[in-house]
Amino acid sequence: ATARIGVTGLAVMGRNLARNLARHGWSVALHNRTYERTRSLVDEHGDEGTFVPSESMADFVASIERPRSVIVMVKAGEPTDAVIDELVPLLDEGDVIVDCGNAHFLDTRRREAALREHGLHFVGSGVSGGEEGALHGPSIMPGGSDHAYETLGPMFESIAAEVDGTPCCTHVGADGAGHFVKMVHNGIEYADMQLIAEAYDLLRHGTGADPARIAEIFSDWNGGELESYLIEITADVLGHTDAETGRPFVDVVLDQAEQKGTGRWTVQNALELGVPVTAIAEATFARSLSGHADQREAVRAAYAQVDPAVDSAPLAGEEADRFVEDVRRALYASKVLAYAQGFDQIRAGSDEYGWGIDLGSMATIWRGGCIIRARFLDRIREAYDSDPDLTSLLVAPFFRDAVADGLPSWRRVVATAARLGVPAPAFSTSLASFDALRAERLPAALIQGLRDDFGAHTYRRVDKPGTFHTLWAGDRSEESRD
Ligand code: NDP
C-alpha cells in the first residue's frame, strides 16, 4: 500500500479533486470504471504529485494505506450505490468511504447506517465550487462521524479554499449533515441568482439601459456590500458580446433556466420541516415557469391586446439613477431575507436530525471556494458568533440596520415592478415574507375561523388558554375542546 487516500470516479470533479490532493503532497490512489480516464489523468498530470493508478477496484483498494480513506466521485444515485457495493467486500473495519457527489442527504443517512453495520465509516460530503473549485480550492462540507473527520480533516482542510487563513471546510455533523448543508447552500444559490436576474430585468426595463451598461452597474455594486462571486460573474456575462451575431450574449441565450434538482430538494425538505423558504421556492418555480414555453406563448398572445404595456416608459435622468440605487438596496434586503430563511432551514434540519450544526461555521466555510461566496457571509458569521441562538438573522443588529435602511427602496422597487409588469417574484415574496414576520396581526386568524367553520378544526384565543370550537350551524355558542 502506497497511497494515503484513494479517489474512484475520475470525471471532471474526481479528476480535479485528485489533482488538488496530489498537489498538496498527499499520495492518491486512482480508479475509474473505464480505465481510459485514469490513464489520461496520469498521462496529462502525473508530474503534479504521487498518483497510484489501478485498473481494478481490488488493486485500487489494496494500494491504499490502512485505515483507508476512499473518495467516491461518481454520478449521484444508483451509480454511487453500485460503487459502494463493489467497495464494501474489499474494505476492512475502520475504513472510511467518502461520497463527494451530490447525494440527497436521506440517501446519505441510509448509506451511513448500512455501512456502520459493516464497521465502516461513511461520510457524505458536500463539495461546492464546480470543477475550478475542486482543483484550486472548493468549499467542503463533510458529514459523518467524529472519528472519520479526524482522518479526513487534515487532508480536506489542506485542499479547501482559504479565507483569512481559515480553511473553508469543517465537520458539519453526523451522517447526512454535510449533504444537507450542501443542499441548502444550493437552494440559497438559486435564490441569489434569481434575485440578481430580477435586478437585471428591472434595470433593463425600468431604465432602458443595455446589458453592457448594466454590466458596469453590477461591477460597481461589486465594490460595495453586495461584493460576491455571483455579482462579479453577472458583470462578466452581461458584458459579453456574442461573436456570431454581435449582439449582447444574454439576448441570444434561450430564456429557459434548467436545474439539476437540488433547489427542488431544498424546497421539498423545507415543506417537510415547515420552514418558509419563500425566496428559494420562488426561485425554483421561476426556473420551472421559464421552461413552460407553450404556456408562456399562449398567455402572451391571449393578453396582447388586453394589457397593452401597463406604464412601461423607462425612467430617465435623476429618476433612473435613483431607481438603480433603489434596486441595489432592494437586492441587498431581499438577499438578507433569503439567507435568513436558508439558515432557518439548516437550524430546523439540525434540530430534526440531532446534528448540532454550528450556523456561524457554515457561514465561515462558504466565504471561499463555493458559488455563493461573498463578503456578506462574514457578517452572518459575526451575527451567529455573538448570538448562537439568534431567532432569525433579521434581528441581528447589523442586518436589522441594513434591512431598515433598504426598506423604502425595497417597497418602491416591488411597486415599480408591478407597475411596469416586470416579473419580480423573488423580490416580491421576500418583501411579503418580511412584512408578514413584522406584522402585529396576521389574517391567519381568519383562516383559523374558516377552518373551524367548515371543518370544526378548532382555534385558540388571544385572551385565554385552551382550544375552542364555535357551533357555526347551531346557536353560535362556543365550546371548549380541550
Ligand atoms: P458525472 O456526474 O458526469 O459522473 C461521471 C462519473 O461517474 C464517471 O467517472 C463515470 O465512470 C462514473 N460512473 C457513472 N456510472 C457509474 C457506475 N454505474 N459505476 C461506476 N462508475 C460510474 O461526473 P462529475 O465529475 O461531473 O460529478 C461527479 C459527482 O460530483 C456527481 O455526483 C455530481 O453531482 C457531483 N458534483 C459535480 C459538480 C460539478 O460542477 N460538475 C459540483 C459538485 C458536485 P465512467 O468514466 O466509467 O463512465
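In listed order, ligands and their atoms are each counted from 1.
Aromatic pair Y384/F343: ring centres closer than 6.0 Å. A centroid separation of 6.0 Å or more is found between the aromatic rings of F285 and Y190.
Using cut-offs of 30° and 60° for the angle between ring planes, the H31 and F60 rings count as tilted.
Side-chain atoms of S40 and R15 form a donor-acceptor pair, as typed in the model, at a separation below 3.5 Å.
Counting heavy atoms of neighbouring residues, nucleotides and ligands inside a 6.0 Å radius, atom CD of Q295 does not exceed 12 of them.
Seen from the ring of Y353, R109 does not count as a face-on cation partner, given the 6.0 Å and 45° thresholds.
Protein residues with any heavy atom under 4.0 Å from ligand 1: G9, L10, A11, V12, M13, N32, R33, T34, R37, M73, V74, K75, A76, P79, V83, G101, N102, V127, G130.
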